[in-house]
Q: 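To start, I am sharing the structure in question, which I have written as structure tokens.
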Amino acid sequence: MALRAVPIWGCCAKRRQHCSVYAKRSECQAGVSEVGFLNSGVERKWRCSAVLVEKPLTLSGVASLPGGSGVEEEEPQIAKPSGFHRDLQSLPKPLTAADFSSYPNDASNVRVAYQGIPGAYGEAAALKAYPSCETVPCEQFEAAFQAVELWLVDKAVLPIENSLGGSLHRNYDLLLRHRLHIVGEVQLVVNHCLLGLPGVRKEELKRVLSHPQALDQCEMTLNKLGVVRVNVNDTAGAAQMIALEGMRDTGAVASARAAEIYGLDILAEYIQDISSNITRYLILAREPIIPGTDRPYKTSIVFTLEEGPGVLFKALACFSLRGINLSKIESRPQRKNPLRVVDASKGSVKYFDYLFYIDFEASMAEPRAQFALGHLQEIARFLRVLGSYPMDTAL
């Protein structure tokens, strides 16, 4: 009987670097062990002593906390054994398969970061993923990434694409810049509401504040009202501004939760031009989850290819040959070295050097996914698995 590749998890304790060792196999020498997509490690049992304030986290606030970027971590102190345990009942119980859960709702008291302020759609996505979590607002997407890295929060829930507005390229770039892992996704139905101060009618409004994308998604409704559209940083921030300054001639496009938080009236609901408005969010964590095969899974990767005819076709064929469905592909020019010089018969030619982000519907626990990435590694100059996680199929 032919042997299959079996991932054996371990951690290099000396430098706390994650590694994965693969058992020997008698066939399919695809070199999958060099990809490094099955990595895990022992969670470090230290936490930052900084106290979070009620204001959203900012980049300057995160960077100034102990353990910020550029500060080398101290080696953990290993306690010396103190002899046999006299009370055998006090010994820790061995973990079983039931102790590991890969579903996003596996924790009840987690701290989850999101971009914006209370009432933002990001907060609603965090509460959908973890209904009893403590939400932590962050001023920028970058601050949410750093809050997870510095152990200020357990998870971050950040948008990656919208059915009307498309992909959020900023967060694609941040996924590659930071070493966080995707452990889940959330699909949130967006209900844009027109908000105003109590007693104000929508016909009295002269201006409407909101995030530029929200204003674009409600263009037809706002044109009928004949109001001036004003861009602000986020939807909940627009509602907060109206409530604090008492702007009776100004409305906001925001969520129904924002109206409840800031004491505003909902003048109209579902004002977006297209009713089916869905935003997909990613759940990010410091450590990857252990993927399974008990439910539909999705895996996200990023890679680069050499220049040449049919190279992208060959990369996509790695999945097609194994019956793996690709749900999304996104290309982004490399930010540091966007141009690549190629020697041609008639002189040098400059091409954009692209990064390809792909989501495919398979779990890394499946051999076909492991073999597909082993095949892709043979033609890719760079390959990184961003996460293998359960798909969100509930709206």
Side-chain angles (χ1 to χ4, degrees), residues 52-57 105 108-139 144 153 155-159 162 164 186-215 217-218 221-222 225 227 229-273 275-281 283 392 394-395:
L52 286 175
V53 296
E54 294 182 357
K55 296 181 179 179
L57 289 176
N105 292 325
S108 58
N109 294 317
V110 297
R111 292 170 57 84
V112 182
Y114 67 94
Q115 189 274 331
I117 64 173
Y121 291 108
E123 184 189 36
L127 292 172
K128 180 184 177 182
Y130 302 96
S132 58
C133 73
E134 177 186 351
T135 57
V136 179
C138 297
E139 196 170 76
V153 297
K155 304 284 194 298
V157 175
L158 297 172
N162 177 265
L164 302 182
V186 179
Q187 297 191 99
L188 182 72
V189 177
V190 177
N191 171 22
H192 285 315
C193 301
L194 181 62
L195 311 182
L197 290 175
V200 174
R201 296 181 297 109
K202 62 181 180 180
E203 291 78 13
E204 301 176 24
L205 300 179
K206 298 180 180 179
R207 299 187 304 165
V208 171
L209 314 179
S210 194
H211 187 276
Q213 192 174 80
L215 293 175
Q217 294 173 4
C218 305
T221 301
L222 299 180
L225 291 175
V227 295
R229 291 174 284 180
V230 180
N231 297 335
V232 294
N233 290 334
D234 61 270
T235 56
Q240 184 187 59
M241 186 183 305
I242 292 174
L244 291 178
E245 300 183 11
M247 306 164 67
R248 298 192 62 83
D249 62 344
T250 305
V253 175
S255 65
R257 177 175 169 80
E260 179 183 354
I261 293 175
Y262 302 109
L264 301 179
D265 285 349
I266 299 178
L267 308 182
E269 287 191 90
Y270 295 101
I271 64 172
Q272 58 263 26
D273 298 341
S275 58
S276 56
N277 186 0
I278 300 173
T279 299
R280 177 172 168 250
Y281 291 79
I283 306 174
D392 183 14
L395 292 177

Q: Do you know which two heavy atoms are closest between Thr279 and Pro159, and how far apart they sit?
A: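 Nearest pair, atom of Thr279 first, then Pro159: CG2-CB, 4.0 Å.
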
Q: Apply side chain to side chain contact (heavy atoms under 4.5 Å, CB included) to Leu127 and list each qualifying residue two or more places apart in sequence or on a separate chain.
A: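 Expected list: Glu123, Cys133, Thr135, Arg257.
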
Q: My understanding is that only residues two or more places apart in sequence, or in another chain, count here; which of them pass side chain to side chain contact (heavy atoms under 4.5 Å, CB included) with Arg248?
A: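 Arg248: side chain to side chain contact (heavy atoms under 4.5 Å, CB included) contacts with Leu197, Val200.
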
Q: Please determine whether side chain to side chain contact (heavy atoms under 4.5 Å, CB included) holds for the pair Met241 and Val232, giving the CA-CA distance in whole Å, both sets of side-chain angles, and the decisive distance to 0.1 Å.
A: CA-CA 10 Å; Met241 186 183 305; Val232 294; 4.1 Å; yes

Q: If you compare all heavy atoms of Ala258 against all heavy atoms of Gly119, which two are closest, and at what distance to 0.1 Å?
A: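 Of all heavy-atom pairs spanning Ala258 and Gly119, the closest is CB-O, 3.9 Å.
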
Q: What distance do Asn277 atom CG and Gln213 atom CD have between them, rounded to the nearest 0.5 Å?
A: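 It is 8.0 Å, given to the nearest 0.5 Å.
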
Q: Can you tell me how far the CG atom of Asp234 sits from the CD atom of Gln115, to the nearest 0.5 Å?
A: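 Between atom CG of Asp234 and atom CD of Gln115 there are 6.0 Å.
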
Q: Any sub-3.5 Å donor-acceptor pair from Ser210's side-chain atoms to Val253's backbone N or O?
A: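 Pair found, side chain donor or acceptor close to backbone of Val253.
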
Q: If you look at every heavy atom in Ser255 and Leu195, which pair is closest and at what distance?
A: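 Looks like O-CD1, 3.7 Å.
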
Q: To check you understand the geometry: which heavy-atom pair defines the closest contact between Ala113 and Cys138, and what is its length?
A: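 Heavy-atom minimum between the residues: CB-SG, 3.8 Å.
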
Q: Which distance, rounded to the nearest 0.5 Å, do you find between the CZ of Arg280 and the CG of Leu158?
A: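 One finds 12.5 Å between CZ of Arg280 and CG of Leu158.
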
Q: A side-chain contact here means heavy atoms from C-beta on lying under 4.5 Å apart; do Glu134 and Val112 qualify?
A: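 No, their side chains stay 4.5 Å or more apart.
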
Q: Return the CG to NZ distance between Leu188 and Lys128, rounded to the nearest 0.5 Å.
A: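 That separation rounds to 6.5 Å.
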
Q: Mind checking the CG-OG1 spacing from Leu194 to Thr221? Nearest 0.5 Å is all I need.
A: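 The OG1 atom of Thr221 is 8.5 Å from CG of Leu194, to the nearest 0.5 Å.
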
Q: Would you confirm whether Gln187, through its side chain, and Tyr281, through its main-chain N or O, come within 3.5 Å as a donor-acceptor pair?
A: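 Flag not set: sc Gln187 to bb Tyr281 has no pair under 3.5 Å.
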
Q: When you look at Val186 and Tyr130, which way does the side chain to side chain contact (heavy atoms under 4.5 Å, CB included) test go after all the steps?
A: CA-CA 10 Å; Val186 179; Tyr130 302 96; over 6 Å; no

Q: Can you spot which of Leu209, Leu215, Thr250, Val208 makes a side chain to side chain contact (heavy atoms under 4.5 Å, CB included) with Val230?
A: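 Answer to the side chain to side chain contact (heavy atoms under 4.5 Å, CB included) test with Val230 among Leu209, Leu215, Thr250, Val208: Leu209.
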
Q: Can His192 and Tyr121 be counted as having a side-chain donor-acceptor contact under 3.5 angstrom?
A: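 Present: a donor and an acceptor within the cut-off.
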
Q: Once you round to the nearest 0.5 Å, how far does CD1 of Ile271 lie from CD of Glu269?
A: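 Rounded to the nearest 0.5 Å, the CD1-CD separation comes out at 10.0 Å.
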
Q: When you look at Asn162 and Gln217, which way does the side-chain hydrogen bond (donor to acceptor under 3.5 Å, both in side chains) test go after all the steps?
A: CA-CA 11 Å; Asn162 177 265; Gln217 294 173 4; 3.2 Å; yes

Q: Identify the two heavy atoms, one from Ala256 and one from Cys193, that lie closest to each other, and give their separation to 0.1 Å.
A: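 So the minimum-distance heavy-atom pair works out to N-SG, 4.0 Å.
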
Q: Side chain of Asp265, backbone of Leu267: donor and acceptor closer than 3.5 Å?
A: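 No, because the side chain of Asp265 does not come within donor-acceptor range (under 3.5 Å) of the backbone of Leu267.
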
Q: Go through the side-chain N and O atoms of Gln272 and Asn191 and say whether any donor and acceptor fall under 3.5 Å apart.
A: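 There is no such pair (donor and acceptor under 3.5 Å, judged by atom type) between the side chains of Gln272 and Asn191.
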
Q: Starting from the C-alpha separation in whole Å, work towards a yes-or-no answer on side chain to side chain contact (heavy atoms under 4.5 Å, CB included) for Arg229 and Arg207.
A: CA-CA 6 Å; Arg229 291 174 284 180; Arg207 299 187 304 165; over 6 Å; no

Q: Please report the closest heavy-atom contact between Tyr262 and Ala239, naming both atoms and the distance.
A: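 Reported closest heavy-atom pair: CD1-CB, 4.0 Å.
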
